[in-house]
Amino acid sequence: MVEKTMKKLNYDRSALIETLHTAQETFGYLENETLKFIARRLKLPFAKVYGVATFYHFFRLKPKGKHTIVVCMGTACYIKNANKILERLEKKFNIKAGETTKDELLSLISARCVGSCSLAPIAIYDDKTVGHLSVEESEKEAEELIK
Ligand code: FES
């Protein structure tokens with residue numbers, strides 16, 4: 001998705017903001033590796049990409065919470081009830097996607113496609129990817145994560 005956006009814009013450096021938007025929508029937030037990748041592909045200094053990503057408030061560099069759950073809301077996941085998973089987690093932790101609990105224990109993020117559609121629906125609990133997830137399992141995994 002990110003590569004596609006850069007290609008569509010002919011790897012033009014002025015496409016940086018749009019590329020960062022696509023990356024954030026795709027992965028939920030912008031981690032260093034993503035910024036480095038974009039910098040390389042657009043042939044821009046990392047400092048420039050990082051500078052732009054930190055300048056605009058709508059870009060999220062790193063979730064604030066100690067733990068992060070990324071729920072994929074891409075098409076393949078969505079048609080397999082990803083919205084119900086997200087709703088359950090939002091309700092359980094009393095936050096909306098994109099927010100962090102008050103105690104900063106957990107950030108809940110929604111992403112557009114994390115690239116493993118055959119495992120849909122999918123969520124990533126810190127570094128652990130869980131596919132073919134049911135609503136009940138999604139909650140159990142979350143409880144395990146913050147234990
Ligand atoms: S749509 Fe969820 S992994 Fe692709």
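Read the numbers this way: they start at 1 and go in the same order the structure lists the ligands and their atoms. As the structure is a computational prediction, the values presented were derived from the model and not from experiment.
Heavy atoms of other residues, nucleotides or ligands lying less than 6.0 angstrom from CZ of F37 number more than 12. Counting heavy atoms of neighbouring residues, nucleotides and ligands inside a 6.0 Å radius, atom CZ of F58 exceeds 12 of them. Atom CG of D103 sits in a crowded spot, with more than 12 heavy atoms from other residues, nucleotides or ligands closer than 6.0 Å.
Checked against salt bridge (charged side-chain N to carboxylate O under 4.0 Å, His left out), E87 has no partners two or more places apart in sequence or in another chain.
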* Asked: Between E143 and K140, is a salt bridge (Lys or Arg N to Asp or Glu O under 4.0 Å) present by the stated rule, with each step listed?
  -> CA-CA 5 Å; E143 281 161 8; K140 263 190 228 144; over 6 Å; no
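Contact annotation: the side chain of N81 never approaches that of P121 to less than 4.5 Å [non-hydrogen atoms, C-beta and beyond].
Atom 4 (Fe) of ligand 1 has C113 SG, C117 SG as protein N, O or S atoms under 2.8 Å away.
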